[in-house]
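Quantities reported herein were computed from a predicted structural model and do not represent experimental measurements.
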Amino acid sequence: MESRLVPRHRSDQLPDSLSTVLLVLPDRFEITSQLMDISCQGMKLAIPPTPVPLTIPRKTETVEVVFHASRLRVSCRCIYSSYNPDGSISMGMYVFDPHQQDQLRTLLAENE
């Protein structure tokens with residue numbers, strides 16, 4: 001297994017205020033999500049099962065992630081998204097803007 005160039009933090013390493021985020025889907029629908037892991041370059045999210053099916057983003061579509069505590073808003077490109085057998089959704093995203101990567105790096109450093 002290759003080593004990563006940037007540190008990745010698991011959800012159990014994050015304070016509660018940082019591990020719950022607001023996901024803004026391409027159709028502007030907003031849903032609360034849980035971070036599974038995060039680095040300054042990307043993140044993995046879990047969305048709990050919903051009573052109404054969501055239009056999940058496809059690969060390369062852009063979504064926004066809003067961190068409640070800091071009001072930081074990050075644009076991400078979807079790397080993958082899939083429904084799990086229990087109805088939850090898993091998503092992987094890449095933060096493509098270097099300035100937003102720096103903001104995310106600062107946010108993570110403040111919460112270590």
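A continuous path of hydrophobic side-chain contacts links Ile31 to Leu18 [ILVMFWY only; heavy atoms under 4.5 Å]. Taking hydrophobic clusters as Ile, Leu, Val, Met, Phe, Trp and Tyr residues chained together by side-chain heavy-atom distances below 4.5 Å, Leu107 shares a cluster with Val95.
By the side chain to side chain donor-acceptor pair (under 3.5 Å) test, Arg28 is found to be paired with Glu64, residues two or more places apart in sequence or in another chain being considered.
A heavy-atom distance below 4.5 Å is not found between the side chains of Phe67 and Thr20. Looking at Met43 and Val65, their side chains come closer than 4.5 Å, going by heavy atoms from C-beta outward. The side-chain heavy atoms of Val24 and Val63, taken from C-beta on, include no pair separated by under 4.5 Å. Residues Pro57 and Leu25 are in side-chain contact: their nearest non-hydrogen atoms beyond the backbone lie under 4.5 Å apart. Arg8 places none of its side-chain heavy atoms less than 4.5 Å from the side chain of Ile38. When side chains are defined from C-beta on, His9 counts as touching Leu14, because their heavy atoms get closer than 4.5 Å. Looking at Gln100 and Ser75, their side chains come closer than 4.5 Å, going by heavy atoms from C-beta outward. Residues Leu45 and Leu23 are in side-chain contact: their nearest non-hydrogen atoms beyond the backbone lie under 4.5 Å apart.
With rounding to the nearest 0.5 Å, the separation of CG in Leu108 from CD in Gln13 is 10.5 Å. One finds the CD1 atom of Ile56 at 8.0 Å from the CD1 atom of Ile47 (value rounded to the nearest 0.5 Å). Note that CE of Met93 is 5.5 Å distant from SG of Cys76, once rounded to the nearest 0.5 Å. In this structure, the separation between OG on Ser39 and CG on Leu104 is 7.5 Å, given to the nearest 0.5 Å. With rounding to the nearest 0.5 angstrom, the CZ atom of Arg77 is 10.5 Å from the CG atom of Asp97. Between the NZ atom in Lys44 and the CE atom in Met91 there is a gap of 13.0 Å [rounded to 0.5 Å].
Counting non-hydrogen atoms of other residues, nucleotides and ligands closer than 6.0 Å to CG of Asp16 gives a total of 12 or fewer.
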Inset, instruction - Please test Gln34 against Ser11 for side chain to side chain donor-acceptor pair (under 3.5 Å), starting from the C-alpha separation and ending with a verdict. - result: CA-CA 8 Å; Gln34 289 296 125; Ser11 61; over 6 Å; no

Inset, instruction - Mind running side chain to side chain contact (heavy atoms under 4.5 Å, CB included) on Leu54 and Phe29 for me, showing each step along the way? - result: CA-CA 9 Å; Leu54 296 177; Phe29 183 79; 3.4 Å; yes

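Counting only residues at least two apart or in different chains, side chain to side chain donor-acceptor pair (under 3.5 Å) contacts with residues 85-94 comprise Asn84-Ser88, Asn84-Ser90, Asp86-Ser88.
The minimum heavy-atom distance linking Pro98 with Phe96 is given by the pair CD-O, 3.4 Å.
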